[in-house]
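Chain naming here is simple, since letters A, B, ... match the order of the sequence lines and numbering starts at 1 in each. Scope of the values below: all heavy atoms of this structure, side chains included, with no hydrogens, waters or symmetry mates.
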Number of protein chains: 2
Amino acid sequence: MSIDQSARRGIPEVTVARLPEYLRALRGFAEQGTTSISSEDLAAATGVRSAKVRKDLSQLGSYGVRGVGYDVDHLAYQISLALGQTHDWPVAIVGMGNLGRALAAYRGFATKGFRIVALLDQNELLHGERIAGLVVRPVTDLPELVLEGLAIGVIATPADSAQDVSDRLVDAGVRSILNFAPTMLTVPDGVVVRKVDLSTELQILAFHEQRKVEPPTHLQEARA
Amino acid sequence: MSIDQSARRGIPEVTVARLPEYLRALRGFAEQGTTSISSEDLAAATGVRSAKVRKDLSQLGSYGVRGVGYDVDHLAYQISLALGQTHDWPVAIVGMGNLGRALAAYRGFATKGFRIVALLDQNELLHGERIAGLVVRPVTDLPELVLEGLAIGVIATPADSAQDVSDRLVDAGVRSILNFAPTMLTVPDGVVVRKVDLSTELQILAFHEQRKVEPPTHLQEARA
DNA sequence: TAGATTGTTAATCGATTAACAATC
DNA sequence: TAGATTGTTAATCGATTAACAATC
């Protein structure tokens with residue numbers, strides 16, 4: 001997958017995925033007025049082992065002080081730097097169904113440095129409709145949006161149009177895609193896709209739920 | 001984390017997470033009328049290496065035939081059995097903000113064996129409101145719902161009430177939780193929590209996006 | 001100095017991959 | 001039998017963890 005490739009020689013993908021969690025915890029400490037913390041404190045706040053915390057943070061640089069700990073503000077700054085939160089990233093959402101509308105209205109993005117600059121849909125009946133303060137536009141506007149700085153595309157369409165939308169995003173020059181459609185996207189090298197699949201998450205929970213309910217038959221034969 | 005614990009001696013969590021993907025691909029093959037496939041075919045359809053496909057499937061049992069491949073319908077049946085898709089799982093969504101409403105209206109769950117049986121909110125002004133064919137209820141109804149079979153709780157509240165809602169779900173007897181709130185939940189052993197964090201996903205994309213834009217300075221000193 | 005805590009090394013664990021014997 | 005493909009073994013890779021020297 002393109003993600004691993006992009007992580008080559010850099011910070012491990014698993015570490016990157018934990019950085020936002022650390023940052024969130026640090027913001028919490030800062031709000032409480034805590035100015036210095038240990039890896040143990042950060043571990044407790046994030047549910048990660050302290051050795052892992054230290055290992056993760058050491059990937060970014062040496063921002064702690066032995067015998068003392070980490071300066072909350074400085075560490076938060078360094079992590080936000082690593083995550084590219086120094087400026088706002090323009091985001092476009094494609095697909096104005098229930099999920100797309102909910103994402104468009106979601107307040108949480110702005111505080112994390114993401115600015116929703118466009119809402120798009122392939123259905124021209126929706127064009128011009130006003131949602132969350134933005135006017136719905138056709139996907140053919142994508143090249144123009146990329147020229148204006150669009151960096152990240154969010155796909156919230158049904159499965160059957162997701163690949164087409166993905167191709168249009170890629171052709172327009174978008175290289176980071178968050179895919180909510182329950183389908184695998186094929187993209188060229190250099191494009192990073194992350195997938196969020198709501199049904200899959202529930203299916204994984206159902207797997208565990210089932211394990212609990214049934215007697216622990218490790219020999220699964222007798223079932224069917 | 002509770003998930004790893006529950007996977008002890010069983011199918012590895014990473015494998016479980018791929019099963020829904022295989023199942024989706026198999027359903028696709030079945031629709032096209034394909035009755036038999038090789039691990040190579042399934043690998044191509046899911047973007048996974050064929051060796052991994054075989055290893056994953058062998059965790060469930062020996063459902064292939066050497067020299068021939070896998071029977072599409074039989075394999076799909078076995079996977080859906082493992083995932084607990086033999087019956088519907090009752091799901092409740094707590095938090096009727098934008099995201100909660102979108103999830104309530106989402107069509108994709110039903111086809112995967114999930115039935116949304118209740119919509120809850122702590123704000124009593126919303127009680128009685130009708131959303132997606134269901135009436136919004138107070139969270140104090142949870143014990144009653146569990147008695148009626150409720151198995152999975154979805155938390156779609158703001159961060160600051162998520163832990164409280166989680167506690168109420170757990171107290172009522174729910175042991176599988178899908179958390180959309182951007183906060184870490186503390187739950188007792190035996191309760192499985194999966195977290196979907198939209199901002200975190202975007203932050204991970206921003207990390208990669210930033211790496212692309214900047215010159216590949218592997219010596220990060222010169223930046224700050 | 002004594003106590004605390006980082007950053008890093010080495011050990012462990014688990015997941016991925018390649019390779020191939022088993023077998024249709 | 002010859003060809004194909006699984007299921008599994010062994011090798012590799014990467015991530016986690018424990019432990020501790022460095023150092024405030």
Enquirer: Roughly how far apart are B:Ser80 OG and B:Tyr22 OH, rounded to 0.5 Å?
Expert: 16.0 Å
Enquirer: Would the base of D:dG7 count as contacting B:Arg54 through its side chain, where contact means a donor and an acceptor less than 3.5 Å apart?
Expert: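 Yes, the side chain and the base share a sub-3.5 Å donor-acceptor pair.
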Enquirer: How many Å lie between CG on A:Asp71 and C1' on D:dC24, as a whole number?
Expert: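 Between C1' of D:dC24 and CG of A:Asp71: 15 Å.
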Enquirer: C:dA4, OP1 or OP2 - any side-chain N/O from A:Tyr70 closer than 4.0 Å?
Expert: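 Indeed not, no polar side-chain atom of A:Tyr70 lies that close.
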Enquirer: Measure the distance from OH on B:Tyr63 to P on C:dC24 and round it to the nearest whole Å.
Expert: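 Going from OH in B:Tyr63 over to P in C:dC24 covers 17 Å.
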Enquirer: Counting just side-chain N and O atoms, does A:Arg18 come under 4.0 Å of either OP1 or OP2 of D:dT16?
Expert: yes
Enquirer: Between B:Lys55 and B:Glu40, who's closer to the 5' end of DNA chain D by nearest nucleotide?
Expert: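 The answer here is B:Glu40.
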Enquirer: Do the rings of A:His87 and A:Trp89 sit parallel, tilted or perpendicular, given the 30° and 60° boundaries?
Expert: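 Ring orientation, 0 to 90° scale: tilted.
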Enquirer: Side chain of B:Ser38 only, heavy atoms from C-beta on: which candidate in D:dT6, D:dG7, D:dC24 is closest?
Expert: D:dT6
Enquirer: So do the side chains of B:Arg24 and A:Thr200 get within less than 4.5 Å of each other, counting heavy atoms only?
Expert: yes
Enquirer: Between A:Glu13 and B:His208, is there a side-chain donor-acceptor contact under 3.5 Å, judged purely by atom types and distance?
Expert: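 The criterion, which ignores hydrogens and geometry beyond distance, is satisfied for A:Glu13 and B:His208.
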Enquirer: Please report the distance, rounded to the nearest Å, between CG in A:Leu60 and P in C:dT8.
Expert: 12 Å
Enquirer: Expressed as a whole number of angstroms, how long is the span from A:Gln78:CD to C:dT6:P?
Expert: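 About 16 Å, once rounded to whole Å.
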Enquirer: Compare all side-chain heavy atoms of A:Leu145 with those of A:Leu120 and state whether any distance is below 4.5 angstrom.
Expert: yes
Enquirer: Does D:dT5 have OP1 or OP2 under 4.0 Å away from a side-chain N or O of B:Ser39?
Expert: no
Enquirer: In whole angstrom, what separates A:Asp56's CG from C:dT8's P?
Expert: 13 Å
Enquirer: Rounded to whole angstrom units, what separation is found between the CD atom of A:Glu13 and the C1' atom of C:dA15?
Expert: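 One finds 16 Å between C1' of C:dA15 and CD of A:Glu13, rounded.
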Enquirer: D:dT6 P sits how many Å from B:His74 NE2, rounded?
Expert: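 Going from NE2 in B:His74 over to P in D:dT6 covers 14 Å.
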Enquirer: Using whole Å, what does the distance between atom C1' of nucleotide D:dA19 and atom NZ of A:Lys52 come to?
Expert: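 Computing the A:Lys52:NZ to D:dA19:C1' distance gives 18 Å.
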Enquirer: Using a strict cut-off of less than 4.0 Å between a Lys/Arg side-chain nitrogen and an Asp/Glu carboxylate oxygen, indicate whether B:Asp164 and B:Arg168 qualify as a salt bridge.
Expert: yes
Enquirer: For DNA chain D, whose closest nucleotide is more 5', that of A:Arg49 or that of A:Gly67?
Expert: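 Nearest-nucleotide comparison on DNA chain D picks A:Arg49.
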Enquirer: Are B:Thr86 and B:Leu81 close enough that some pair of their side-chain heavy atoms sits under 4.5 Å apart?
Expert: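 The answer is yes, as the side chains (C-beta and beyond) meet within the 4.5 Å cut-off.
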Enquirer: Dot-bracket for DNA chain D, 5' to 3', with Watson-Crick and G-U pairs under 3.5 Å, [ ] for crossing pairs and | for other-strand pairs: what is it?
Expert: ..||||||||||||||||||||||
Enquirer: Of the nucleotides D:dT8, C:dT8, C:dA15, which has the atom closest to the A:Ser58 side chain?
Expert: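 Nearest to the side-chain atoms of A:Ser58, counting from C-beta on, is C:dT8.
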Enquirer: Report yes if a donor N or O on one partner sits less than 3.5 Å from an acceptor N or O on the other, where the partners are the side chain of B:Arg66 and the base of D:dT5; otherwise report no.
Expert: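 Between D:dT5 and B:Arg66, which were checked side chain against base, a qualifying N/O pair under 3.5 Å is absent.
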